[in-house]
Amino acid sequence: MTTVLGCIADDFTGATDLAGLLARSGVRVSLRIGVPTEPPFDTGPFEVIALKSRTAPVAEAVEETRAALAWLRKAGANRFFWKYCSTFDSTMEGNIGPVAEALMADLGAEQTIYCPAFPENGRSIFMGNLFVGQQLLAESPMKDHPLTPMRDSNLMRLLEPQVTKPVGLASRLTVAGGATALRAELEKMKMDGIAHVIVDAVAEEDLAIIAQACQDMPLITGGSAVAMPLPTLYLADGTLAADAPKVPTPKVVDEAIILSGSCSDMTNAQVAEYIAQGSPSYRLDPIALTQTGADPVLAWLSEQDLGKAPLIYATAAPSKVKAVQEKFGVTAVGELIEQTLAACAVAARDAGARRIIVAGGETSGAVTKALDVTQLDIGVEIAPGVPWTFCHSQGYQIALTLKSGNFGTKTFFADAQAKLSNL
Ligand code: ADP
């Protein structure tokens, strides 16, 4: 069907976050990994394209995003959402501002808003200053981020050097006046030539007002939270038909595999809990792996009953990870494990696994690539920010969940399976 809102995210987990929030409305959300090479097919009312452009050179990020926009326009969208991180991750050069200006130019849009606030996750904006919890952005751990250190908390000052047109602020005082007041203020600013408007938001109610005031803008930019009210608003004003396609709930057989490459505290707890429940498991030893390759784990896997959802994990405590990294190098050992888990995903699929649970952001990237998955439909949420997704791999329909780092609770692996069985 014709796409109502075309979304572009500057990284993969940002895209799943946005897609998951939109899907809370119950309306179908389709996520594509990278700009599709084919023309639009089987499109949903909400399409999200995941790019990897957050820290790419400006020209590359602009080009990729424009290509994504062109594809979404072909899918029929005439409203667009540009999603970046709720901590406004960018450098003096970009990429948030230059990408937004390029999108505006292509769309002929005179004005857009910037609202990275995500109150549920402690990101709020007041008088243009971004807070992480109770700290100003520049006093939060983001000040030391390896790729995009955030040394200023003021979004106007951060955005100005990244754009060519004037930047302004719609403050909380305006937002508190409601959607009509905010729309009037934006209109006034547009008359004054202000193309880029930072919008304050400290609570969920603010985001509802902002979304309502801006629902007909050709381009909205921000974190995922300001997009969340849009499906309901579109259903209310008829932009989206009441019988719009719903979040799918297909029956997927029990056969499952769990692959864990994350070493976060929460994933360590999840792995320990799953093993303690008596589930079959195989620990990948990185040192042994450098000597034997994937053969031993693949041999183990071939003897498993996939109905018992076996777990293969490299997950280890930080001290162990550090020791191995020092010996073999961070990238080399990381890639070796990712590729091994990806090979296990393919072998499990070929052996009949139709539920694939993956822990780890980078690990998820390697697994989706190996499974040749480029399009996912968002399904039921397992934990906040982690939905099941449904996709095709070599012609098989599979359910896939991709959990990054610290998401989920201790019982995530069992919770995930229960969610599907209860559909
Ligand atoms: P997260 O989402 O928690 O950051 P990622 O998958 O993005 O998880 O990153 C974890 C990285 O650590 C991957 O590159 C993975 O291959 C690597 N890794 C996993 N287990 C080990 C281990 N035991 N020793 C060293 N590196 C590991």
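Since this is a predicted model, take the numbers as computed values, not measurements. Whatever order the structure lists ligands and atoms in, that order sets their numbers, starting from 1.
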*Which of the atoms in ligand 1, numbered in the order shown and given with their element, are less than 4.0 Å from a heavy-atom of Ile337?*
16 (O), 18 (N), 19 (C), 20 (N), 21 (C), 22 (C), 26 (N), 27 (C)

*Ser262, any N or O under 3.5 Å of ligand 1 N or O*: yes

_For Ser421 and Arg355, which I'm curious about, is there any donor-acceptor pair between the side chains at under 3.5 Å?_
yes

*Measure up the His196 and Tyr114 rings against each other and bin them: parallel (under 30°), tilted (30 to 60°), perpendicular (over 60°).*
tilted

*Hey, is the main chain of Arg172 close enough, under 3.5 Å, to the side chain of Asp200 for a donor-acceptor pair?*
yes

*salt_bridge(Asp377, Arg28) N-O dist < 4.0 Å*: yes

*Is there a protein heavy atom at a distance of less than 4.0 Å from atom 7 (O) of ligand 1?*
yes

*Is a salt bridge present between Lys165 and Glu101, judged by a nitrogen-to-oxygen distance below 4.0 Å?*
no

_Distance-only N or O hit between ligand 1 and Glu362, under 3.5 Å_ = yes

_Holding to side chain to side chain donor-acceptor pair (under 3.5 Å), I want the full list of residues that pass it with Glu64, two or more places apart in sequence or in another chain._
none

_Any N/O pair Thr363/ligand 1 closer than 3.5 Å_ = yes

_Closest protein heavy atom (residue, atom, distance) for atom 25 (C) of ligand 1_ = Val321 CG1, 3.6 Å

*Polar contact flag for Gly334 and ligand 1 (N/O pairs, less than 3.5 Å)*: yes

*Heavy-atom distances under 4.0 Å are what count here, so tell me which part of Pro286 touches ligand 1: side chain, backbone, both or neither.*
side chain

*Atoms of ligand 1 close to Glu338 [distance to a heavy atom under 4.0 angstrom, numbered from 1]*: 13 (C), 14 (O), 16 (O)

*Minimum-distance protein heavy atom relative to atom 19 (C) of ligand 1*: Gly261 O, 3.1 Å

Listing, residues 329-339 side-chain donor-acceptor contacts under 3.5 Å, not counting sequence neighbours, or none:
none

*Have Tyr84 and Thr221 got a donor and an acceptor in their side chains that come within less than 3.5 Å?*
yes

*Can you list the ligand 1 atoms lying under 4.0 Å from a non-hydrogen atom of Ala316?*
23 (N)

*Going by an N to O cut-off under 4.0 Å, is there a salt bridge joining Asp10 and Lys83?*
no

*Counting heavy atoms only, which of Ala366, Ala314, Ser364, Gly365 is nearest atom 23 (N) of ligand 1?*
Ala314

*State the atoms of ligand 1, each with its element, that fall below the 4.0 Å cut-off from a heavy-atom position in Gly361.*
1 (P), 2 (O), 5 (P), 6 (O), 7 (O), 8 (O)

